[in-house]
2 protein chains.
Amino acid sequence: MRQRLPDQTISAWARLQRASQSVLSAVESDLKAAGHPPLAWYDVLLELKRAGKDGLRPLALQSQMLLAQYNLSRLLDRMAGDGYIERRPCPNDGRGQIVVTTPAGRHLLKRMWPAYEAAIQRHFAERLSAEEATRLAHLLGKLSPR
Amino acid sequence: MRQRLPDQTISAWARLQRASQSVLSAVESDLKAAGHPPLAWYDVLLELKRAGKDGLRPLALQSQMLLAQYNLSRLLDRMAGDGYIERRPCPNDGRGQIVVTTPAGRHLLKRMWPAYEAAIQRHFAERLSAEEATRLAHLLGKLSPR
DNA sequence: TATTAATATATGCATTTGCATGTAATTGTC
DNA sequence: GACAATTACATGCAAATGCATATATTAATA
């Protein structure tokens, strides 16, 4: 321990816990109320869409989403079980897979967005000015890998 | 849906998810590596300590920690099982309880702090200047209840 | 003051997470 | 090019979480 933490730091830390907990669970709750699957499903589908035709290796999804390997593996199980994604063998690497969205998955992504956008608006965006959002994004960017 | 979300807002939102996930799990992991219970245990003990001699109703802890009622109930089960807290009948309200720390609980709070402080330093504080921490605290404060 | 509604907390059961480890393929080394 | 080490992903089992509902008590109403 090099030095005692200053009060503003402790306060920022406490608020990070509270704010993320509060906003994330409110958004999750709105999604569920609209009859949709959890946020993580949306995130997976979005990453896959961004990745395009070739899909993504689970490994890449993992580091993008900061999800534990076994959690992603089971999340993909569930999403594949519901027909939203497909696992394909990876041509370059026999151990790996390529994950791609199905048409149903791409459709789900579209269907979820209105509820998701409204939830972000209600629980997050509404509480910040444009400038505040920019500053917050900048500060939070310092806290996660790359 | 009143309006499309601006890009900075979406970016801030995405970074809130990533940053909180990244930092919280890193801190949890350091605590566990040091042989300590999860963060939530520390939070409970700290709130109880702040509340002083009279302890707290679970209801109060719940809203302070933004924890679901059943989750808090079971968290208290575990902590009581390990002897860190005690549930006492509530004099004013026969339905309720008063939760207080035991000596072992107060001791745990002290023992956990060095590892916790170091983890906050390493994964959070180190990445922000004092001024940035202040600004971050201010912005995050807008996002959670009161 | 019965009776109904609301509140505080607990709990059975299904789902999810975490941990440890398994399996199969690939890479590195000699 | 054989063999050990590493990597990618899966999985059995225990713990935690979420959901629905139960139980006991207090507050509200008629």
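Just so it is clear: chains get the letters A, B, ... in the order the sequence lines come, proteins before strands, and each one is counted from 1.
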Could you tell me whether D82(B) atom CG has more than 12 heavy atoms of other residues or ligands within 6.0 Å of it? yes
I need the CD-C1' distance between E28(B) and dA16(D), as an integer number of Å. 12 Å
Are H123(A) and D30(A) close enough that a side-chain donor and a side-chain acceptor fall under 3.5 Å? yes
Would a hydrophobic clustering, with Ile, Leu, Val, Met, Phe, Trp and Tyr connected at side-chain separations under 4.5 Å, put M65(B) with V100(B)? no
If you find the nucleotide of DNA chain D closest to W41(B) and the one closest to R95(A), which residue's nucleotide is nearer the 5' end? R95(A)
Is there a side-chain polar atom (N or O) of R78(A) under 4.0 Å from OP1 or OP2 of dA14(C)? no
Closer than 3.5 angstrom, by distance alone: can the side chain of R88(A) be matched with the main-chain N or O of V99(A) as a donor-acceptor pair? no
Using 4.0 Å as the upper bound for N to carboxylate O, is an ion pair formed by E28(B) and K32(B)? no
side-chain N/O K32(B) vs dG18(C) OP1/OP2, d < 4.0 Å: no
d(CZ, R74(A); P, dG22(C)) in whole Å: 15 Å
Atom CZ of R88(B) to atom P of dA8(C): distance rounded to whole Å? 21 Å
If only atom types and distance count, is the side chain of T102(A) paired as donor or acceptor with the main-chain N or O of G83(A) below 3.5 Å? yes
Atom-pair distance (CG on L39(A); P on dT17(D)), nearest Å: 18 Å
Whichever of L75(A) and G94(A) has the more 5' nearest nucleotide on DNA chain C, that residue is L75(A)
In whole angstrom, what separates M79(A)'s CE from dA10(D)'s C1'? 18 Å
Is the backbone N or O of L66(A) less than 3.5 Å from a side-chain atom of Q21(B), with the two atoms forming a donor-acceptor pair by type? yes
Enumerate the residues from residues 43-73 of chain B whose closest heavy atom to DNA chain C is under 4.0 Å, giving them by residue number; use none for an empty result. R57(B), P58(B), L59(B), Q69(B), Y70(B), S73(B)
Could you state the atom-to-atom distance from CG of L24(B) to P of dT17(C) in whole Å? 16 Å
Per nearest nucleotide of DNA chain C, the residue lying toward the 5' end, P38(A) or G96(B), is G96(B)
Which nucleotide in dA8(D), dT26(D), dA10(C) has an atom nearest any side-chain atom of D93(B): dT26(D)
